[in-house]
2 protein chains.
Amino acid sequence: MAEPRRREILDALAHQERSVGELAELLHVAQPVVSKHLKVLREVGLVEVRDDGRRRLYRVDSRPLREIHAWAGRYERLWEERFALVDEVLAELALESPDDAGRQ
Amino acid sequence: MAEPRRREILDALAHQERSVGELAELLHVAQPVVSKHLKVLREVGLVEVRDDGRRRLYRVDSRPLREIHAWAGRYERLWEERFALVDEVLAELALESPDDAGRQ
DNA sequence: CCAATGTATGCCGATATCGGAATGTGTCAA
DNA sequence: TTGACACATTCCGATATCGGCATACATTGG
């Protein structure tokens, strides 16, 4: 239930930094709700804050997202390698016994 | 609280498919716990199952991870562009008024 | 200093999630 | 068919999280 809200916030901050009130208006939720989610995102390091008078401007910190990027990319590569390996094995089998090629 | 467990499971499945019992032993948790997490991961589409006799072999499905990869990559690019823009502006300022370059 | 604005925090009830224990379902082996 | 094995599902209590509301804190303007 929380994840979608947080993604909304991150998406809203993707292109520009925004104040808490702006975010609350964009997401059509109460201000305290936004503040709480921002607190979590801050603690996890996904967003950074900057004081601007009585407002607080939030922006995303791309470094943790880069880690997520790398993390997801690891699996992607691993399974691409695996699929490539399967292809190799199938190709070898086809060479060794052409009659069995393509069988289930 | 759930996320770390699920990441553990995904990491355990990163290189090879495993049975529920194997996962339970690797993570030092009870079998029902593993089954429940696997159910969630299945519903979200992060893992796939294959029946092998009385065992069920799980493996990761890299396609959703590819989406995560793309999602995180979006932010990465956005902010790299932003930093590049800042660099450009600074460079232009340095050209227009060399005396001000490097000031706070 | 005071009032207004912008934000954060504390408390609340509702809901979701976790892990544990017991139980249900399906498959193999004898 | 029966018992053993592998796994899934259900029920339970404890804990976490969400959103709403009221309120506290901080900054600005007068």
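What's counted below: heavy atoms across the whole structure, side chains too, no hydrogens, waters or symmetry copies.
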Q) Under 4.0 Å between a side-chain N or O of B/His37 and OP1 or OP2 of C/dG19? A) yes

**Q.** Audit row: A/Val49, A/Leu38, side-chain contact (heavy atoms from CB on, under 4.5 Å) steps and yes/no
**A.** CA-CA 9 Å; A/Val49 213; A/Leu38 286 172; over 6 Å; no

Q: Considering just the side-chain nitrogens and oxygens of A/Ser19, establish if one lies under 4.0 Å of OP1 or OP2 belonging to C/dT7.
A: yes

Q) Listed in order of residue number, which residues of residues 22-31 of chain B have a non-hydrogen atom at under 4.0 Å from DNA chain C? A) none

Q: Would you mind building the protein contact string for nucleotides 24-30 of chain D? One character per nucleotide, 5' to 3', B for base within reach (heavy atoms under 4.0 Å), S for sugar-phosphate only, - for untouched.
A: ---BBS-

Q.
Please report the distance, rounded to the nearest Å, between NZ in B/Lys36 and C1' in D/dT9.
A. 9 Å

Q | Atom-to-atom span, NZ of B/Lys39 to P of D/dA6 - whole angstrom | A | 22 Å

Q. Which pairs pass salt bridge (charged side-chain N to carboxylate O under 4.0 Å, His left out) with one or both residues in residues 33-44 of chain A, sequence neighbours excluded?
A. none

**Q.** First encountered from the 5' end of DNA chain D, between B/Leu57 and A/Pro32
**A.** B/Leu57

Q. Between D/dT17, D/dC7, C/dT9, which one does the side chain of A/Arg6 approach most closely?
A. D/dT17

Q: Nearest whole angstrom, please: distance from the P of C/dA8 to the CG of A/Leu41.
A: 12 Å

Q | Atom-to-atom span, CG of B/Leu38 to P of D/dA6 - whole angstrom | A | 16 Å

**Q.** Nearest-Å distance for atom pair CZ/C1', residues B/Arg18 and D/dC7
**A.** 18 Å

Q: Indicate the atoms forming the closest heavy-atom contact of A/Ala12 with A/Leu26, along with that distance.
A: CB-CD1, 4.4 Å

**Q.** Selected nucleotide, minimal atom distance to A/Arg42 side chain, candidates C/dG19, D/dT9, C/dA8
**A.** C/dA8

Q) Can you tell me if the side-chain N/O atoms of B/Arg55 get under 4.0 Å from OP1 or OP2 in D/dC5? A) no

(Q) Please tell me if A/Tyr58 has a side-chain N or O lying less than 4.0 Å from either OP1 or OP2 of C/dG6. (A) no

Q: Specify the closest pair of heavy atoms between B/Asp61 and B/Gly45, including all atoms of both residues, with the distance to one decimal.
A: CB-O, 3.6 Å

**Q.** Residue pairs passing the side chain to side chain donor-acceptor pair (under 3.5 Å) test where at least one lies in residues 21-32 of chain B, sequence neighbours excluded
**A.** B/Ser19-B/Glu22, B/Gln31-B/Ser35

Q | Test item: A/His37 and A/Val29 side chains (from C-beta on) under 4.5 Å apart, heavy atoms | A | no

(Q) With side-chain contact (heavy atoms from CB on, under 4.5 Å) as the criterion, how do A/Leu57 and A/Arg59 come out once you've worked through the C-alpha distance, each side chain's angles and the decisive distance to 0.1 Å? (A) CA-CA 7 Å; A/Leu57 299 180; A/Arg59 62 180 179 280; over 6 Å; no

Q: Could you list the residues that satisfy side chain to side chain donor-acceptor pair (under 3.5 Å) with A/Arg56, not counting sequence neighbours?
A: A/Asp51

Q. Roughly, in whole Å, what's the span from CZ in B/Arg5 to C1' in C/dT17?
A. 13 Å

Q.
Applying side chain to side chain contact (heavy atoms under 4.5 Å, CB included), can you list everything that pairs with B/Arg54, at least two apart in sequence or on another chain?
A. none

